[in-house]
Structure formats: structure tokens, C-alpha cells
Amino acid sequence: MTYPYQIKSLEAYHKAYKDSIENPSDFWAAIAENFVWKKKWDKTLEWNFEEPKVEWFAGGKLNITENCLDRHIDTLGNKPAIIWEPNDPKDSSVILTYKELLFKVKQFANVLKNNGVNKGDRVCIYMGMVPELAIAVLACARIGAIHSVIFGGFSAQSISDRLIDAQAEFIITCDGAHRGNKIIPLKSVVDDALINCPFVKKVIVCTRTHTAISMIKGRDLWWKEEIKKIDAIGNPDYPAEEMDAEDILFILYTSGSTGKPKGVVHTAAGYMVWANYTFVNVFQYQQGQVHFCTADIGWITGHSYIIYGPLSAGATTLMFEGIPTWPDAGRFWEIVDKHKVDILYTAPTAIRSLMSCGMEFLKDKDLKSLKVLGSVGEPINEEAWQWYYKNIGKQKCPIVDTWWQTETGGIMISNMAGVTPQKSTFTTLPLPGIEPLLVDENGTELLGNNVSGNLCIKKPWPGIIRTTYGDHERCRTVYFATYKNLYFTGDGCLRDEEGNYRITGRVDDVLNVSGHRIGTAELENAINMHSGVIESAIVGFPHDIKGQGIYAYIIFDKMHEDANLTRQDIIQTVSRNIGAIAKPDKIQFVSGLPKTRSGKIMRRILRKIAEGETENLGDLSTLLDPNIVSEIIEGAL
Ligand code: WT7
């Protein structure tokens, strides 16, 4: 496979960028020629941001799995598509060639069909990082079912919220998942979720941990047994379903500043083109390389850069089941050496956590196979950047700092490895097709360089969010209504004297904890579920490893004698309602919250106190009860 659209020099980048902005339709039509279509499109782009409506390659017919699998069989059939590395280094890894992966995807597509899953049906996938997860995702895409993958760290309540929102009647899960020395009881969590979801018809369970589970007659099925039924019929062929370019490929839930998480919708053709194009260009992927993205497939990073981007490019993608610090903090480096990883794509939080474990875990590691390093999920601080560059990349590997979001489908602003200049802590330049724009609060564009403001994007790119599932109005208000005719990212951003972009963090009420998005309103709602909680306010504070930590101010009714026990109760409530990833790091009990006379909590003050600032709290004169501030400062943790 060759990549005629791979940009190989700075001049070529500038030219591609210019072409893409001056004539987006021609530019993307030419890129789209590099894919397999069942029928070519009629119109490359149709859009308006008012509704919003975005259609890429309308009238085109395709199936993304033909682009990820079938088209590689002649040339790459016996090459590894997936290398799976288990949680425990003592267990053996698994390699699936493109031929084997296609076989398994067809086989499981038949299992889905056999169980009544049809094109357009929503299938929820709640699994650990096992090869069957990738197979399940691709099998859904093969038959045209819409997958909604839920990260294994979410609670039963979170799952049922998502099942109800998507009206998903099918679930694919595992008995359990290995994560370090822990086992996550996935099936049992699903069982709890299903108490509220009687509309779920089938649950297919893949065996991984051999944990005891309860299988409900008529509803729950073993993956293995279902495969046997298909094998008994004979040849498990499954021609790829013909999909419209704008048919939904998947839903992925993500948190925002208000309400429950929303289902971000991506569609078949545009997403495919964007995931592939960004993968090939940002990482400068070369045929035969091994790509290791350490994210979980439960997040967009895993969708785009473990599955769809690499496989559509014919790459070898490495899927790791475990965690970076078990059995010790050398696990990533051991995997890099074992599988001769060329491209390593991870998050600043992982880098900081491994950095804090010391150099001894790097002592016997070679890391010579590495050519490109990547960072994603949150701003990377200078110290972590330098450590990554020096100790992992040995000052030879470019680092791509990739800014993007669940809603953007793929990377938006990033340097291209070895092609466009890197600059530590800067995501640098926009990819072709992306027109970033900084605005002030009033929506006035900030022109020129050396300015900072709120980051917006001017025109649609192929991977842009199409809607929020079941609620198009929410999509409009959240992303397209803040500033007229612009997509609003929710991020603050600075443009330096050379036009490089640096993301400064969220400007809305969304926290980024270890690269995970957590809405403060969602978290407050979860905490307020506790019978003793009268009111709560959540803010972020700088955290050495997580980037941001969660600080909870809580007005509590009847405390246990031991305040720590009350704290444990609250943490339990959060774990039950959202999941362990949203547990507060600090809980301070207060007798009141700083509010304006109109009853609005002044988070600015709470944020400053959480950061350790006790003076310069700004204007307190509009507060209903200014005394509360000194009480909160006194009790600050
Ligand atoms: C938010 C999106 C994109 C996949 C992982 C997270 C922050 C993401 C960077 C980066 C600074 C970054 C932004 C963004 N973010 N990448 N390279 N530098 N900030 O996806 O959960 O949708 O979160 O993550 O704040 O809005 P997500």
C-alpha cells in the first residue's frame, strides 16, 4: 500500500494546506479517491453550521471494513494486523494477520446477524482490551450496526444511561477484565445496568477472566458457543453491508459542561477519510511499522488510532490489555522492545506517572525501534515533554503533540513527525482542512499573532461530529450556537509569534483528569445523590500526575463521627453513579458556598482556593455572604 497523499516536506505541507482551504471539495475528493467505494459520491461537501448540517461524500456507498480489511488481503494478507499484548507479561501475546482478522470479523458478523442484529441497530460494547473487542467493533461496522463502546471503568448507572439514550438492544461484554493485579467484573456490572433496561434482548459474553458470572436464560449467550453455531453452518462469509456515506458508524458518549454525557455521532465515509489521513500524515506511518497507541478503545483515541486509522492504512496495530505500571513501571518499554514498536502514542499523564517512578525501569531497555512519539489528551508540560524526548526518544524521535476531541473524530492541530517543526508544549500547526480561529468572549475574532482566546474552527472537515444522538438541538447549542457560524471547541488557546497553537485547557466547566473528560455538573449531580449531601461544587486543581485533580466542596447534613468515613461514602456514591475515574481527590466539608445574590456559585473563587491561592481572590463584593470565603480558606485541604 502506498500513500500518495502523505505529505513529506514542509513545502508540501504548506501547499496542501493552502489547497485544502482554498478548495476543500477538490482537495478532499482527491484524498477520497484512495479508498474503496461501492459507489462514488455525488457531492463532496454540503454544509451549514446553523442547523448544523454537514454531509461529506453524499451519495457515496462504502463499508469501512472493506477499507480496513478486504482491500489489504492480496498484498498484506499474511502480515500482522493486530498484535495483542496481554496484561500479564508471562502470558503469550497473540498475532492476528489481516487474513485471520477478516475471517474472525466475518465470523462474528454472522453471530450478530444470527442473533437478530440488523443494520442501524445500536450495539453496546463493554469489554476489556482483548482482541475480541476489536473484532466486535469491526463486525458491527461490517453489518452496518452502530457501535457504542463504553470504557470498562464506567459504572452500571453510566451504562444504563447510555443504553437508554441509544436504545441499544444488544450488548457485547466479557466475564471480566484484567487490569494490573485487579479483575474488573464486567458482566456483573452489566447485570446491574440491565435492571433498568428490560429492552435489551441479547448479551454476548466473551470469556477472559473465568470469573463466576450469572447467565440469564434466553438473554445471555457465550461468545464461544455462538461462534460454534456459525462454524457448524460452514463458510462464515459475510459480504460487507453497503452503507451510505452519511450512515452512522458509531456513537461515543462524552461529558460536557451540563447534564448527562452526550452521544457524539460519527458517520461512515468522512470519519474513515479523516482517521486514515491524519494517521498517515501526523505519524508519518511507513509500511511495515508497528503502531502502539496506549489508549483504551473505550475512548475516541482508541477508535481512531488503534482500530480505524491504522487498519485502513494497512498498519500493524498493537493492542495492550494492561496498565503502564504493572507488574512494574517498565511495562510499556518492555512492550516496545518485545514487539519492535516504531510509533508510540500515549498521554502526558502516563508519561508523568512513569517519570515519577524513576529511571531504573529504563535501565535494561533498548527502545531503538522507536521512530515517532506522540502525545494526546491534555496539554503536555515542558518537563514531561523533555523527559519523553530525551529518555524515550533518545533525542532522535520527533514528538507529535496532537490536539483533537471526541467530536473532531481525529487529530486537528499537530506537527507532522519530522516534516513540520515541533515545539515543546505547542501542538503547532493545523492539519490541512482545519482553519482555527481565536475569539474573545464577545465572539470577535482575534487577528494576528501573539494572541490568546477561545478556540473555534471555521469550516467542516471530514471527521466533524454530525449530531448528538437523539438530540440534534443539543449538538447545535453546545458546539454551534456560542459563536455564529463557528464550531466552538471549549478550549482556550494561544497563538505565538510564528502562528503556532498552544492549548491552554478547557474554558468551560469540564475537567480533564488524566486525559479523561469529566463534567463538573455531572459530577455534582452524582455527589448530590448521596442522602447526606445538601449541596456541592466541583472544581479542578493542578495535579502533578493527573494534570487536573478533582476538588469537591460539600455541604453535608449529618456527618459520621469520622469525617473520613463520610468521605468514603461520597466516593462510593461517585463510583456507583459514574465510575472510579471520577472519584474526587479532595473533599472539603463546608457550611456554605460562595454565591452571588442571584444564587450563582462563584467557582472562580473556589478554583483559586483549590489552587492554594488565599489572597487575590478578586472582587468579593457581589457575594451574598463574604464571610463564607474565610471559613473555606481556613478549612482548605
Ligand atoms: C479535550 C478533548 C482527543 C483524544 C483524547 C481526549 C484536551 C486533547 C490535547 C493536546 C492539549 C488536549 C482538550 C480537548 N486535549 N488533546 N494535545 N493538548 N489539550 O478526547 O475526551 O474528547 O477530550 O482534551 O481540552 O478539548 P476528549
Side-chain angles (χ1 to χ4, degrees), residues 82-96 101 104-105 108 111 123-140 147-156 158-159 162-163 170-194 203-215 220-224 226-227 250 252-253 292-303 305-307 317-327 331-332 335 346-347 350 514-516 575 578-581:
I82 295 180
I83 299 176
W84 177 73
E85 175 65 24
N87 178 57
D88 190 332
K90 293 198 290 298
D91 295 341
S92 352
S93 37
V94 170
I95 292 179
L96 292 177
L101 181 59
K104 284 176 185 291
V105 168
F108 197 66
V111 167
V123 177
C124 159
I125 302 179
Y126 184 69
M127 301 171 86
M129 285 283 284
V130 289
E132 288 82 356
L133 165 54
I135 293 165
V137 164
L138 291 163
C140 285
H147 57 77
S148 163
V149 184
I150 302 178
F151 174 60
F154 281 114
S155 68
S158 296
I159 298 171
R162 287 160 173 74
L163 288 171
F170 304 93
I171 302 183
I172 307 167
T173 187
C174 294
D175 50 357
H178 291 291
R179 272 181 78 76
N181 56 10
K182 286 199 205 116
I183 287 183
I184 318 287
L186 298 174
K187 172 61 165 66
S188 142
V189 178
V190 166
D191 288 338
D192 288 347
L194 292 192
V203 180
I204 300 175
V205 185
C206 174
T207 311
R208 174 57 186 137
T209 53
H210 300 275
T211 317
I213 61 171
S214 132
M215 295 289 281
D220 299 353
L221 306 156
W222 290 106
W223 177 296
K224 267 203 202 108
E226 294 307 296
I227 295 280
F250 65 85
L252 188 57
Y253 285 85
F292 177 18
C293 165
T294 70
D296 192 287
I297 291 175
W299 309 111
I300 190 71
T301 311
H303 282 59
Y305 301 109
I306 296 178
I307 298 189
T317 182
L318 196 151
M319 234 181 119
F320 172 42
E321 184 184 34
I323 57 169
T325 48
W326 189 85
R331 189 71 175 111
F332 275 2
I335 295 173
T346 194
S514 302
H516 301 152
S575 294
I578 303 178
I581 54 167

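This is a predicted model, so every value here is computed, not measured.
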Rounded to the nearest 0.5 Å, how far apart are CG of Leu138 and CG of Leu133?
-> 9.5 Å

Report yes or no: does Tyr126 contribute a side-chain atom to a donor-acceptor pair with the main-chain N or O of Gly152 at less than 3.5 Å?
-> yes

Distance, nearest 0.5 Å, that separates CG of Leu221 from CD1 of Ile227 | 12.0 Å

Please check if the side chain of Thr173 supplies one atom and the backbone of Val205 the other of a donor-acceptor pair under 3.5 Å.
-> no

Of all the heavy-atom pairs spanning Leu252 and Ile300, show the shortest one and how long it is.
-> CD2-N, 3.4 Å

To the nearest 0.5 Å, atom OG of Ser93 lies from atom CG of Leu318 at 8.5 Å

Any donor-acceptor pair under 3.5 Å linking the side chain of Asp175 with the backbone of Thr207?
-> no

Should the ring pair Phe108 and Trp223 be called parallel, tilted or perpendicular, given that the plane angle runs from 0 to 90° and is split at 30 and 60?
-> parallel

State, to 0.1 Å, how close Ala295 and Ile306 come at their nearest heavy-atom pair, and which atoms those are.
-> O-CD1, 3.2 Å

Measure up the His147 and Phe250 rings against each other and bin them: parallel (under 30°), tilted (30 to 60°), perpendicular (over 60°).
-> parallel

Quick one: list whatever passes side chain to side chain donor-acceptor pair (under 3.5 Å) with Thr346, sequence neighbours left out.
-> Thr294

Measure across Asp91 and Pro86 and return the closest heavy-atom pair with its distance rounded to 0.1 Å.
-> O-CG, 3.5 Å

Would Asp191 and Ile213 count as a side chain to side chain contact (heavy atoms under 4.5 Å, CB included) if you check the C-alpha gap in whole Å, the side-chain angles of each, and the deciding distance to 0.1 Å?
-> CA-CA 9 Å; Asp191 288 338; Ile213 61 171; 5.6 Å; no

What are the two closest non-hydrogen atoms of Ala350 and Phe332, and how far apart are they?
-> CB-CE2, 4.4 Å

With sequence neighbours left out, what residues match Glu85 under side chain to side chain donor-acceptor pair (under 3.5 Å)?
-> Arg331, Lys338, His339

Hey, is the main chain of Ile578 close enough, under 3.5 Å, to the side chain of Ser155 for a donor-acceptor pair?
-> yes

Ignoring hydrogens and angles, tell me if any N or O in the side chain of His303 forms a donor-acceptor pair with the backbone of Gly298 under 3.5 Å.
-> no

Flag side-chain contact, heavy atom, 4.5 Å: Met129 against Phe320 | no

Quick one: does NZ or CZ of Arg162 land under 6.0 Å from the six-membered ring centre of Phe154, within 45 degrees of the ring axis?
-> yes

For Trp326 and Pro89, work out which heavy atoms get closest and say how close.
-> CZ3-CD, 4.3 Å

In chain order, what residues pass the side chain to side chain donor-acceptor pair (under 3.5 Å) check against Thr211, with sequence neighbours excluded?
-> Thr209

Hey, could you give me the OH/SG distance between Tyr253 and Cys124, rounded to the nearest 0.5 Å?
-> 9.5 Å

To the nearest 0.5 Å, what is the distance between CH2 (Trp222) and SG (Cys206)?
-> 9.5 Å

If you measure from CD1 on Ile307 to CD1 on Ile297, what distance do you get to the nearest 0.5 Å?
-> 4.0 Å

Stepwise, does the side chain to side chain contact (heavy atoms under 4.5 Å, CB included) test hold for Thr301 with Cys293?
-> CA-CA 8 Å; Thr301 311; Cys293 165; 3.8 Å; yes

Indicate the atoms forming the closest heavy-atom contact of Asn87 with His178, along with that distance.
-> ND2-CB, 3.6 Å

Look at Glu132 together with Arg208 and state whether they make a salt bridge at an N to O cut-off of under 4.0 Å.
-> no

Could you walk me through whether Val203 and Leu194 pass the side chain to side chain contact (heavy atoms under 4.5 Å, CB included) test, one step at a time?
-> CA-CA 10 Å; Val203 180; Leu194 292 192; 3.6 Å; yes

Please check if the side chain of Lys187 supplies one atom and the backbone of Ser214 the other of a donor-acceptor pair under 3.5 Å.
-> yes

